[in-house]
Amino acid sequence: DLSENALGDSGAELLSRVLVIEGISLSLRELHLNQNFFTAAGAISLQGALGELHNLRTIRLSSNPLGPIGGGAIIAGCAEAGAVAQLTLNNCSIGPSIPPQISMLTCLSLLSLQENPISH
């Protein structure tokens with residue numbers, strides 16, 4: 001759990017390089033990155049790494065100002081991973097609509113988008 005560490009976008013870039021190290025990418029099942037001040041730039045850095053984490057089942061990125069572009073990047077990365085079942089993006093400034101990449105998440109059993117400015 002790396003939540004609440006104020007990693008910022010530069011930390012997201014560094015983390016993305018660490019996550020693709022073979023031992024980590026083969027075994028990581030959960031990734032908690034809530035409240036780290038990641039913006040769209042940080043999310044785009046993480047997207048490629050997430051795609052390599054084929055055993056990742058849960059990712060939590062709540063309270064990061066990702067915006068719609070960043071939210072879409074995270075969702076696309078999770079779709080590339082292929083096994084993400086739980087995705088939490090509460091309070092991430094995603095909106096006004098749900099990113100279209102959401103349809104790519106075929107294994108999803110829980111999606112939480114609370115406190116985002118998504119219109120009906």
Side-chain angles (χ1 to χ4, degrees):
D1 187 344
L2 294 172
S3 295
E4 300 180 25
N5 280 295
L7 298 174
D9 292 336
S10 60
E13 185 178 340
L14 178 61
L15 181 60
S16 68
R17 285 185 259 149
V18 170
L19 288 174
V20 296
I21 295 171
E22 188 171 326
I24 294 171
S25 66
L26 292 176
S27 61
L28 191 64
R29 303 245 191 278
E30 290 191 26
L31 186 58
H32 300 250
L33 296 169
N34 301 312
Q35 256 180 322
N36 273 301
F37 302 102
F38 298 146
T39 66
I44 291 167
S45 293
L46 288 170
Q47 179 181 354
L50 291 175
E52 299 295 318
L53 302 175
H54 300 294
N55 290 315
L56 187 66
R57 303 292 183 264
T58 301
I59 182 160
R60 295 192 173 120
L61 273 157
S62 294
S63 299
N64 285 292
L66 303 176
I69 292 170
I74 293 298
I75 292 168
C78 290
E80 291 169 28
V84 174
Q86 297 184 6
L87 176 60
T88 306
L89 294 170
N90 299 329
N91 191 28
C92 288
S93 301
I94 296 170
S97 61
I98 295 173
Q101 297 91 333
I102 203 75
S103 65
M104 299 165 43
L105 294 173
T106 57
C107 296
L108 199 63
S109 63
L110 178 123
L111 172 65
S112 185
L113 295 170
Q114 297 175 15
E115 299 179 37
N116 282 293
I118 297 171
S119 58
H120 302 291

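Residue numbers count from 1 along this sequence. Values reported hereafter were calculated over all heavy atoms of this structure, with side chains retained and with hydrogens, waters and symmetry mates removed.
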Rounded to the nearest 0.5 Å, what's the gap from [atom1] on [X] to [atom2] on [Y]? Could you check?
X	Y	atom1	atom2	result
E4	N34	CD	CG	7.5 Å
L110	R57	CG	CZ	15.0 Å
H32	T88	NE2	OG1	8.5 Å
L108	I102	CG	CD1	6.0 Å
L89	C78	CG	SG	7.5 Å
L56	E30	CG	CD	8.5 Å

Non-hydrogen atoms of [X] and [Y] that approach each other most closely:
X	Y	value
H54	A83	O-CB, 3.6 Å
A76	M104	CA-CE, 4.3 Å
C92	S63	SG-N, 3.9 Å
L53	A81	O-CB, 3.4 Å

Pair up each side-chain donor or acceptor in residues 64-75 with any protein partner under 3.5 Å, not counting sequence neighbours, and list the distances.
{"residue": "N64", "atom": "OD1", "partner": "N36", "partner atom": "N", "Å": "2.8"}
{"residue": "N64", "atom": "OD1", "partner": "F37", "partner atom": "N", "Å": "2.9"}
{"residue": "N64", "atom": "OD1", "partner": "F38", "partner atom": "N", "Å": "3.1"}
{"residue": "N64", "atom": "ND2", "partner": "L33", "partner atom": "O", "Å": "2.9"}
{"residue": "N64", "atom": "ND2", "partner": "L61", "partner atom": "O", "Å": "2.9"}
{"residue": "N64", "atom": "ND2", "partner": "S62", "partner atom": "O", "Å": "3.4"}

Should D9 and S45 count as side-chain neighbours, where that means a heavy-atom distance under 4.5 Å?
no
What I'd like to find out is whether the side chain of N55 reaches to under 4.5 Å of the side chain of S27, using heavy atoms alone.
no
Can [Y] be reached from [X] by stepping across I, L, V, M, F, W or Y side chains whose heavy atoms are under 4.5 Å apart?
X	Y	value
V84	I44	no
L46	I21	yes
L87	L2	yes

Test item: D1 side-chain N/O and S3 main-chain N/O as donor-acceptor pair under 3.5 Å
yes
Check whether any side-chain N or O of S119 sits under 3.5 Å from a backbone N or O of P96 as a donor-acceptor pair, and report yes or no.
yes
Output every pair passing side-chain hydrogen bond (donor to acceptor under 3.5 Å, both in side chains) with a member in residues 103-114, not counting sequence neighbours, ordered by first then second residue.
N90-S112
